[in-house]
Participant: 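If you scroll down you'll find the structure; I have some questions about it.
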Amino acid sequence: IFLFNIMMKEFCKVGKVEKAVELFRNVKRNGIVPDRFSYNIIMSGLCKTKRLEDALHLRIEMAEANCQPSVVTYSTLMDGLCKEGRVDEAMKLFDEMRRRGLDADVIVYSVLIRGFCGQNTVDKGIELFHDMKQKGVLPNVVTYTCLVHGLCKMGCWEEAMKLFNDMTEHGLTPDVVMYTTLIDGLCKDGMADQALKVFGAMIEKGFKPSTVTYNVLLNGLCKEGLIDDAFAYFEKMVEGGKRPDVVTYNTLMAGLCNCHKVDEAMKLLNKMLDDDCSIEPDEMSFNMLIHGLCKVGRVNDAMELHRKMVERGMVGNLVTYNMLIEGSFKIRKVEKALQLHQEMVAMGFRPNAFTYNIMINGFCKKKMVDAAEKLLYEMDTEGLGPSLVGYNTLLASLCKERNLDRAMALFQEMKDGKCKPD
RNA sequence: CUCGAGAUUCCCUU
């Protein structure tokens with residue numbers, strides 16, 4: 001079983017989880033008894049391929065085989081649940097684990113903390129952070145990184161910085177991932193200058209920024225409109241021997257589009273398309289440009305680019321269609337927008353909240369308020385929930401049309417609990 | 001050293 005475990009693990013590592021499961025089944029059928037490692041390996045593989053239900057079911061099978069779950073079993077499943085946003089269920093497993101007399105370790109806590117941070121309940125994460133320390137489980141760099149990430153995501157960059165310092169005072173050395181997380185978080189909280197300081201401090205301490213570190217920094221600078229600085233750091237990146245990747249290029253293309261340099265962005269895309277460039281564009285690369293073109297009103301060029309994309313064997317994704325639909329409305333081609341919408345559905349893409357809101361906005365601009373309203377309610381029945389953006393869009397449109405009675409009625413409906421106004 | 005955790009890029013209203 002020792003050897004089979006290694007094989008299963010390797011199958012999972014190269015993405016052939018199906019093969020691993022098959023091997024697991026064969027092993028069992030041939031009378032070899034899997035140990036808890038085998039179960040854990042398969043569970044982990046299933047979670048990584050979004051087959052959480054199968055993983056949870058395997059836990060039952062494990063119990064039936066009289067194989068006791070370990071802390072690793074629990075953390076694997078809790079991680080899977082958290083990544084699906086099912087943190088409450090992960091907490092149930094956490095309780096169950098403790099009832100069975102298993103002590104949570106630093107990984108269990110880090111998984112849960114990250115889970116809470118992912119659904120913007122960092123306070124719960126902090127609670128667990130204190131809980132673990134009280135129980136004598138020492139947080140490590142990963143634990144701190146999860147919290148820093150969560151805090152920045154909620155705009156609490158000062159708290160994040162405090163925690164970062166707190167960590168070093170506790171004798172832990174930040175690593176590249178920690179630095180990158182903090183730099184990204186600061187940028188996203190509008191603190192690019194602080195981020196640059198941290199970047200400088202990082203280098204001063206002798207840490208080598210990774211490609212991801214450069215990417216987050218470039219993104220931060222681009223979002224601030226500092227495209228020239230972004231390119232300056234891009235140069236440094238290359239000089240420093242860090243290979244740009246497709247994310248680097250996509251980030252720079254977005255930055256160029258943001259300051260209306262769409263043709264420059266196009267040059268970057270063409271560079272990637274060049275045969276002697278080792279970086280291949282992905283769907284996002286095309287999407288960046290499609291967005292840029294739509295934004296400056298060159299919707300037909302965007303459509304043309306979409307065609308080129310399809311020629312290269314990329315069909316585009318939901319985002320591509322959302323942007324093209326929005327573009328069509330922008331140049332007042334409602335029929336084209338509807339046609340794209342149908343095409344998108346036919347291709348198996350389920351319209352999301354963005355799609356609906358784009359259509360609502362499009363209809364509003366055409367003064368087709370009833371159609372817009374119909375879509376607004378359809379979102380709910382389609383399980384997308386009421387959309388604040390959708391309500392706001394329709395409200396704004398009604399006000400513009402001097403249809404204040406209807407606007408007030410809609411506003412009242414929101415206050416009555418349909419959708420909390422902002 | 002047979003198993004588990006952390007970082008980056010695209011779309012909607014004002």
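Sequence lines set the chain letters: A, B, ... in the order given, protein chains first and strands last, and positions in each chain run from 1.
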Participant: Do the side chains of A:E280 and A:R312 get close enough for a salt bridge, i.e. N-O under 4.0 angstrom?
Facilitator: yes
Participant: Is the A:F199-A:Y179 ring centre distance short of 6.0 angstrom?
Facilitator: no
Participant: Please report, rounded to the nearest Å, how far the C1' atom of B:C10 is from the CG atom of A:L218.
Facilitator: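 Nearest whole value for this atom pair: 16 Å.
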Participant: Identify whether any heavy atom of A:M178 sits under 4.0 Å from a base atom; if not, whether one sits that close to sugar-phosphate; answer base, sugar-phosphate or nothing.
Facilitator: base
Participant: Please check the phosphate of B:C10 (OP1 and OP2 only) for any side-chain N or O of A:K295 closer than 4.0 Å.
Facilitator: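 For B:C10, neither OP1 nor OP2 has a side-chain N or O of A:K295 closer than 4.0 Å.
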Participant: Surrounding NZ of A:K133 (heavy atoms of other residues, nucleotides or ligands, distance under 6.0 Å), is the total greater than 12?
Facilitator: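 Enclosed.
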Participant: What's the closest nucleotide to the A:V72 side chain, out of B:G4, B:C11, B:U13?
Facilitator: B:G4
Participant: How many whole angstroms separate atom CG of A:D105 from atom P of B:C3?
Facilitator: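 Whole-Å distance recorded here is 15 Å.
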Participant: Find the distance A:L394:CG to B:C12:P and express it as a whole number of Å.
Facilitator: 19 Å
Participant: Report the distance from atom CG of A:N392 to atom P of B:C12, rounded to the nearest whole Å.
Facilitator: 15 Å
Participant: Identify whether any heavy atom of A:T73 sits under 4.0 Å from a base atom; if not, whether one sits that close to sugar-phosphate; answer base, sugar-phosphate or nothing.
Facilitator: nothing
Participant: Take atom CG of A:L375 and atom P of B:U13, then tell me their distance rounded to the nearest Å.
Facilitator: 16 Å
Participant: How is A:D245 classified with respect to the nucleic acid when contacts are heavy atoms under 4.0 Å: base, sugar-phosphate, or nothing?
Facilitator: nothing
Participant: In whole angstrom, give the distance that lies between atom NZ of A:K83 and atom C1' of B:A7.
Facilitator: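 Atom-to-atom, A:K83 to B:A7, this comes out as 13 Å.
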Participant: Between B:U9, B:U13, B:C10, which nucleotide has the shortest distance from any of its atoms to the side chain of A:K188?
Facilitator: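 It is B:U9.
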Participant: Remember a base hit wins even if backbone is also touched, and classify A:M323 as base, sugar-phosphate or nothing at under 4.0 Å, heavy atoms.
Facilitator: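 The answer is sugar-phosphate, as A:M323 gets under 4.0 Å only of primed atoms, P, OP1 or OP2.
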Participant: Return the nearest nucleotide to the side chain of A:V212; candidates are B:A7, B:C3, B:G6.
Facilitator: B:A7
Participant: According to a strict under-4.0 Å criterion, is A:R114 in side-chain N/O contact with OP1 or OP2 of B:A7?
Facilitator: yes
Participant: Looking only at side-chain atoms of A:N250, point me to the closest of B:U13, B:C10, B:U9.
Facilitator: B:U9
Participant: Please confirm whether the shortest side-chain N or O distance from A:K13 to OP1 or OP2 of B:G4 is below 4.0 Å.
Facilitator: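 Indeed not, no polar side-chain atom of A:K13 lies that close.
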Participant: What is the separation between atom CZ on A:F4 and atom P on B:C3, rounded to the nearest whole Å?
Facilitator: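 Taking CZ of A:F4 and P of B:C3, I get 17 Å after rounding.
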Participant: Checking contacts here: which listed nucleotide (B:G6, B:C10, B:C11) is nearest the side-chain heavy atoms of A:V141?
Facilitator: B:G6
Participant: Select base, sugar-phosphate, or nothing to describe what A:V71 touches, counting heavy atoms under 4.0 Å on all strands.
Facilitator: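 Base, at least one base atom sits under 4.0 Å.
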Participant: What's A:K400 touching, base or sugar-phosphate or nothing? Going by heavy atoms closer than 4.0 Å.
Facilitator: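 It contacts nothing in the nucleic acid.
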Participant: What nucleotide among B:C12, B:C10, B:A7 has an atom nearest to a side-chain atom of A:H149?
Facilitator: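 That would be B:A7.
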Participant: Which part of the nucleic acid does A:T145 contact within heavy-atom distance under 4.0 Å: base, sugar-phosphate only, or nothing?
Facilitator: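 Base contact.
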Participant: At under 4.0 Å between heavy atoms, what does A:V216 touch on the DNA or RNA strands: base, sugar-phosphate, or nothing?
Facilitator: sugar-phosphate
Participant: So what does A:K365 hit on the nucleic acid, given a heavy-atom distance under 4.0 Å: a base, only sugar-phosphate, or nothing?
Facilitator: nothing
Participant: What's A:E326 touching, base or sugar-phosphate or nothing? Going by heavy atoms closer than 4.0 Å.
Facilitator: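 Sugar-phosphate, backbone atoms only, no base.
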Participant: Side chains of A:T213 and A:S210: do they bring a donor and an acceptor to under 3.5 Å?
Facilitator: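 Short answer, yes.
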Participant: Looking just at side-chain N and O atoms, do A:N219 and A:D184 make a donor-acceptor pair shorter than 3.5 Å?
Facilitator: no
Participant: How would you label the contact of A:T76 with the nucleic acid (heavy atoms, under 4.0 Å): base, sugar-phosphate, or nothing?
Facilitator: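 Sugar-phosphate, backbone atoms only, no base.
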Participant: Does the gap between the ring centers of A:Y321 and A:F354 come in under 6.0 Å?
Facilitator: no
Participant: Between B:G6, B:C11, B:U13, which one does the side chain of A:I358 approach most closely?
Facilitator: B:C11
Participant: Please tell me if A:K330 has a side-chain N or O lying less than 4.0 Å from either OP1 or OP2 of B:C11.
Facilitator: no
Participant: Have a look at A:V111 and say if it touches a base, only the backbone sugar-phosphate, or nothing, with a 4.0 Å heavy-atom cut-off.
Facilitator: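 Sugar-phosphate, no base atom in range.
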Participant: Tell whether A:N215 reaches the base of B:A7 with its side chain through a donor-acceptor pair below 3.5 angstrom.
Facilitator: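 Under the 3.5 Å cut-off, the side chain and the base do not form any donor-acceptor pair.
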Participant: Nearest to the side chain of A:V177 - B:A7, B:G4, B:C3?
Facilitator: B:A7
Participant: Does A:F129 have its ring centroid less than 6.0 Å away from the ring centroid of A:Y144?
Facilitator: yes
Participant: Answer with base, sugar-phosphate or nothing: what part of the nucleic acid does A:T180 contact at a heavy-atom distance below 4.0 Å?
Facilitator: base
Participant: Between P on B:U2 and CZ on A:F24, what's the gap in Å once rounded to a whole number?
Facilitator: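 One finds 19 Å between P of B:U2 and CZ of A:F24, rounded.
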